[in-house]
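Order of the sequence lines sets the chain letters (A, B, ...), proteins ahead of strands, with each chain counted from 1.
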Amino acid sequence: MPELPEVEALRRRIEVRALNRTILAVTPGNDVTHIELPSAEERARLEGHQFTEARRHGKYLFAGSASGPWMMLHMGMAGSIRVLDTDEPQADFIRLTVDFEGPRRLTFRDPRKFGWVRVIDDPDAVIADHDLGPDALSIGEAGFADRVGTCRGAVKSALLDQGKLAGIGNLWADEALYQAGIHPEARAADLSEEAVARLHRTAIRVLQSVCDTDATYSELPDAWLIHRREAGRACTRCDGAIDKIKVGGRTSYHCPDHQDRAA
DNA sequence: GACAATGTTCGCAG
DNA sequence: GCTGCGAACATTGT
């Protein structure tokens, strides 16, 4: 689930329901072996503070305030966040809970344990340390051409490289390439200037559209690839059929007929 | 039981 | 030193 638009939807949940409330306790959930969570000391640092701001960079999420510590979260493959009234039932696979005054509770759920939570002091410094590229929604055409359009490998691998561009994952990389008519295995550096610009515009439009629905896939246009990620399904843009291949080790759905290797 | 899964990280080869 | 690739990570669901 969690690429840029999905993480943005989680950020909004925090913004709408979990800001400006004093943190009473931060508690690890059940079965927290093999998952990185803040130590007891770090959890205690959050208590008594409020989150006044929720930020996102790529797929990374931050909640904190100018004066206090920040909680940094990554959703891994299957993590999610809910903000509940404390009398609502707890779901399975909750790895961390933050109890606020109110009462209200933020829960971090992560069945597959690929996500993690840290307590940090300065989001900007951590973003720089992680060697993350600019957020995919904020990069301009020239920056995109410079960072993605020069890669010697497959254009899809370039889109997925968080050091070049932060936020695009497997689903929305496929979607952007499908809508831009570019083959995932095309060498990025071989694409025309026009094709790179088209991919940039398309990627931003795709990501923004998904954000606009709060990452509710059923509200996305029927013609999108997201609704037909299955080999053999009919393409919505030409007479072709969707094919499933591996690119850079990731499952990739595309239409061999209209997605051009030499765009 | 085997396999695939929307994430990142690490080691190796070029 | 940088870039690109494949495997590994822990667990669930099909």
Less than 4.0 angstrom between a side-chain N/O of [X] and OP1 or OP2 of [N], yes or no?
{"X": "A/R112", "N": "B/dA5", "result": "no"}
{"X": "A/H34", "N": "C/dC9", "result": "no"}
{"X": "A/T251", "N": "B/dA5", "result": "yes"}

Are A/R55 and A/D124 close enough for a salt bridge, meaning some N to O gap below 4.0 Å?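 Yes, charged N to carboxylate O under 4.0 Å.
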For A/V155 and A/L177, what are the C-alpha separation, side-chain angles and deciding distance, and is it a side-chain contact (heavy atoms from CB on, under 4.5 Å)? CA-CA 9 Å; A/V155 61; A/L177 290 165; 3.9 Å; yes
If we take the P atom in both B/dG11 and C/dA10, what is their distance in whole Å?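 About 15 Å, rounded to a whole number of Å.
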Non-hydrogen atoms of A/Q179 and A/R205 that approach each other most closely: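 In this case the closest contact between A/Q179 and A/R205 is OE1-NH1, 2.9 Å.
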Just compare [options] and give me whichever is closest to any side-chain atom of [X].
{"X": "A/K244", "options": "B/dT6, C/dG4, B/dA5", "result": "B/dA5"}
{"X": "A/E3", "options": "B/dA5, B/dG7, B/dT8", "result": "B/dG7"}
{"X": "A/Y253", "options": "B/dA5, C/dT12, B/dT8", "result": "B/dA5"}
{"X": "A/K246", "options": "B/dA5, B/dG7, C/dG4", "result": "B/dA5"}
{"X": "A/Y60", "options": "C/dT11, B/dT9, B/dG7", "result": "B/dT9"}
{"X": "A/R152", "options": "B/dA5, C/dG4, C/dC9", "result": "C/dG4"}
{"X": "A/K113", "options": "B/dG7, C/dT11, C/dT12", "result": "C/dT11"}
{"X": "A/M77", "options": "C/dG4, B/dG7, B/dT6", "result": "B/dG7"}
{"X": "A/S157", "options": "C/dC5, C/dA10, C/dT12", "result": "C/dC5"}

When you check the side-chain N and O atoms of A/Y217 and A/E6, is any donor under 3.5 Å from an acceptor?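 Side chains of A/Y217 and A/E6: pair found under 3.5 Å.
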Over how many whole Å does the gap from [X] atom [atom1] to [N] atom [atom2] extend?
{"X": "A/D31", "N": "C/dT12", "atom1": "CG", "atom2": "C1'", "result": "12 Å"}
{"X": "A/E36", "N": "C/dA10", "atom1": "CD", "atom2": "P", "result": "14 Å"}
{"X": "A/L10", "N": "B/dG7", "atom1": "CG", "atom2": "C1'", "result": "14 Å"}
{"X": "A/F114", "N": "B/dT6", "atom1": "CZ", "atom2": "P", "result": "12 Å"}
{"X": "A/L37", "N": "C/dA10", "atom1": "CG", "atom2": "P", "result": "15 Å"}

Between A/E175 (side chain only) and A/L171 (backbone N and O only), is there a donor and an acceptor less than 3.5 Å apart?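 Here the side-chain-to-backbone pair does not exist.
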Let me confirm one number: the NZ-NE2 distance from A/K59 to A/H74, rounded to the nearest 0.5 Å.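 So the gap between those two atoms works out to 6.0 Å.
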Extract the stems that DNA chain B is part of, considering only consecutive pairing runs of at least three Watson-Crick or G-U wobble pairs, both distances under 3.5 Å.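 Listed by first number, the stems are B:2-5 with C:11-14, B:7-14 with C:2-9.
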Should the pair A/W116 and A/H130 be assigned to parallel (<30°), tilted (30 to 60°) or perpendicular (>60°) ring geometry?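 The rings of A/W116 and A/H130 lie parallel, inter-plane angle below 30°.
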